[in-house]
Protein chains: 2
Amino acid sequence: MNELIEYIKNHIPFSDEIKIKLEEIVTEKNVEKGEIILHENSQKKEHIFVASGCLRSFYTDADGKEHTLQFAIKNWWISDYMTIYTDKKSIASIESLSHSKILIIENEQLQKLFKDFPQFEILQRKNFERRITTLQKRVLSLLTLSASEKYFKFINEYESFEKVIPNYQIASYLGITPESLSRVRKERSQN
Amino acid sequence: MNELIEYIKNHIPFSDEIKIKLEEIVTEKNVEKGEIILHENSQKKEHIFVASGCLRSFYTDADGKEHTLQFAIKNWWISDYMTIYTDKKSIASIESLSHSKILIIENEQLQKLFKDFPQFEILQRKNFERRITTLQKRVLSLLTLSASEKYFKFINEYESFEKVIPNYQIASYLGITPESLSRVRKERSQN
DNA sequence: CTAATTTCTTACCTTAAGTCAATTTTTATC
DNA sequence: GATAAAAATTGACTTAAGGTAAGAAATTAG
């Protein structure tokens with residue numbers, strides 16, 4: 001909870017009122033490595049804030065292959081946007097990649113929070129803007145870059161991820177096979 | 001202008017006050033096929049509403065190859081989000097694919113509008129939500145689908161686009177070559 | 001500390017999609 | 001409606017990345 005408060009204070013004016021409200025609507029949870037937090041097919045509209053550790057959202061295709069949508073570390077939000085903003089069943093799952101501390105807010109509660117404390121709208125808007133530009137950049141990478149370019153861009157941009165996240169999951173984020181990623185990494189170590 | 005008003009009325013309560021304000025900040029423009037509305041490298045933070053016709057935003061890579069970011073038809077918004085929400089120079093351009101009528105709003109003006117008429121925030125939020133889920137779906141398509149699957153999904157989803165947009169631009173949206181797209185289309189006509 | 005499991009690497013082969021170049025078809029222009 | 005320009009198609013060839021399978025390395029669990 002303190003991590004979330006810290007995060008909020010860094011963005012908008014904070015008050016005791018807000019604190020009380022937050023304590024009412026936020027669920028704190030410690031999760032183990034490998035634990036699934038949000039299951040595919042659920043209809044839960046939950047926003048997850050990562051207080052510590054690392055999470056991943058992914059989609060499992062018809063062949064059982066997993067495709068990573070997002071990684072999230074401390075101070076990041078992660079959720080299944082398609083489920084929250086449409087009325088369709090979730091096609092994605094969220095799992096923890098390490099022992100993590102997470103804070104969960106129900107979407108309805110969050111919407112109420114926006115009404116009661118309009119300054120949160122600003123936070124939300126900023127998050128949206130960041131998310132849109134991030135997704136846009138990712139589309140562009142997928143459209144224009146080769147396997148090795150995508151990988152080097154990724155480890156460059158998300159250095160801190162490299163140690164926590166298994167390579168086969170990075171591959172599934174970049175849209176390449178683990179074998180290809182391994183070959184790309186070999187090249188690097190030879191040059 | 002009427003098209004924008006119509007659009008707004010469909011989403012939030014409208015008033016004469018809003019109308020007056022809009023007339024003050026909105027620039028109406030008729031553009032020709034092939035006309036560039038927003039140039040790469042500009043720093044203009046403009047939101048474009050399509051009243052009629054069809055627009056396209058695209059990125060030109062180092063080899064001069066164009067990669068389509070978005071198409072937009074009547075009642076869609078199109079802009080260069082990366083330029084608007086970061087302080088970097090635009091790496092994308094926006095062009096008109098037909099004779100089009102467009103309405104342009106400066107980002108600063110739009111932000112003021114949000115302050116004066118908070119109901120617009122709702123409109124903005126909905127737009128953001130839609131955009132995020134759309135981008136997310138596109139990432140997923142790029143990660144999981146073959147050239148032909150991407151194409152059939154596209155023409156299925158955006159039927160109305162097929163007639164206006166040249167195939168080589170659809171190819172650049174899907175991340176495949178025009179030649180590959182042509183082969184995919186040939187298969188379809190044979191089965 | 002050892003066994004079991006998971007992740008990563010490597011070699012060999014296959015394939016989907018890219019490249020290049022020529023031709024046909026469609027669209028725009030005078 | 002003829003001519004020019006743009007877009008689409010096609011064929012021959014190349015290539016980047018995928019598939020398979022087996023073994024090595026690293027992690028995790030008992």
Side-chain angles (χ1 to χ4, degrees), chain A residues 31-36 53-54 56 58 61-68 71 95-99 141-155 161-191, chain B residues 31-36 53-54 56 58 61-68 71 95-99 141-155 161-191:
Chain A
V31 290
E32 290 309 313
K33 178 171 176 173
E35 198 172 333
I36 302 273
C54 185
R56 172 177 87 113
F58 62 96
D61 71 17
D63 302 338
K65 244 182 241 161
E66 292 180 0
H67 303 272
T68 299
F71 296 111
E95 72 168 348
S96 185
L97 300 184
S98 64
H99 178 87
S141 293
L142 290 171
L143 286 180
T144 61
L145 303 183
S146 68
S148 79
E149 288 168 326
K150 282 189 280 188
Y151 176 64
F152 292 123
K153 194 174 176 209
F154 179 87
I155 57 169
F161 285 12
E162 211 192 345
K163 283 115 196 168
V164 199
I165 301 171
N167 286 327
Y168 76 94
Q169 287 181 7
I170 294 179
S172 84
Y173 177 89
L174 300 175
I176 60 179
T177 58
E179 293 90 342
S180 286
L181 181 54
S182 182
R183 284 169 206 129
V184 162
R185 285 161 50 77
K186 192 185 178 185
E187 268 177 57
R188 174 178 62 160
S189 64
Q190 283 172 347
N191 298 336
Chain B
V31 290
E32 289 309 312
K33 177 169 176 176
E35 198 172 332
I36 302 273
C54 186
R56 170 178 89 113
F58 62 95
D61 71 18
D63 302 338
K65 244 182 241 161
E66 292 181 0
H67 303 271
T68 298
F71 296 111
E95 70 166 350
S96 184
L97 300 185
S98 64
H99 179 89
S141 292
L142 290 171
L143 286 179
T144 61
L145 303 182
S146 68
S148 78
E149 287 168 326
K150 282 189 279 188
Y151 176 64
F152 292 124
K153 194 174 176 210
F154 179 85
I155 55 168
F161 285 11
E162 213 194 344
K163 282 116 199 169
V164 199
I165 302 171
N167 286 328
Y168 76 95
Q169 287 182 7
I170 294 179
S172 85
Y173 178 89
L174 300 175
I176 62 179
T177 58
E179 292 92 337
S180 287
L181 181 54
S182 181
R183 284 173 201 123
V184 161
R185 285 161 49 78
K186 191 184 179 187
E187 269 178 56
R188 175 179 60 160
S189 64
Q190 284 172 345
N191 297 334

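Not measured: the values here are computed from a predicted model. Lettering of chains follows the sequences in order, A, B, ..., and the numbering in each one begins at 1. Because only heavy atoms are used, hydrogens play no part in the values below, and waters and symmetry mates are left out as well, while side chains stay in.
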From [atom1] of [X] over to [atom2] of [N], roughly how many Å is that when rounded to an integer?
{"X": "B:K33", "N": "C:dT27", "atom1": "NZ", "atom2": "C1'", "answer": "7 Å"}
{"X": "B:I176", "N": "C:dT19", "atom1": "CD1", "atom2": "C1'", "answer": "15 Å"}
{"X": "B:K163", "N": "C:dT27", "atom1": "NZ", "atom2": "P", "answer": "13 Å"}
{"X": "B:K186", "N": "C:dT24", "atom1": "NZ", "atom2": "C1'", "answer": "13 Å"}
{"X": "B:Y168", "N": "C:dT25", "atom1": "OH", "atom2": "C1'", "answer": "16 Å"}
{"X": "A:R183", "N": "C:dT7", "atom1": "CZ", "atom2": "C1'", "answer": "15 Å"}
{"X": "B:E179", "N": "C:dA21", "atom1": "CD", "atom2": "P", "answer": "12 Å"}

| message | Distance under 4.0 Å to a non-hydrogen atom of chain B counts as contact; along DNA chain D, which nucleotides mark the start and end? | response |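 The protein-touched segment is D:dA7 to D:dA12.
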| said: For a quick test of reading the model: is some side-chain N or O of B:S180 closer than 4.0 Å to OP1 or OP2 of C:dA17? | reply: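 The answer is no; no side-chain N or O of B:S180 sits under 4.0 Å from OP1 or OP2.
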So what does [X] hit on the nucleic acid, given a heavy-atom distance under 4.0 Å: a base, only sugar-phosphate, or nothing?
{"X": "A:T177", "answer": "sugar-phosphate"}
{"X": "B:R185", "answer": "sugar-phosphate"}
{"X": "B:G175", "answer": "sugar-phosphate"}

| said: Just to verify, what does B:K153 make a side chain to side chain contact (heavy atoms under 4.5 Å, CB included) with, not counting sequence neighbours? | reply: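 Only B:S141, B:L145, B:E157 meet the side chain to side chain contact (heavy atoms under 4.5 Å, CB included) criterion with B:K153.
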| query | Going by number, which of residues 144-155 of chain A have a non-hydrogen atom under 4.0 Å from DNA chain D? | reply |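 Residues of residues 144-155 of chain A under 4.0 Å from DNA chain D: A:S146, A:A147.
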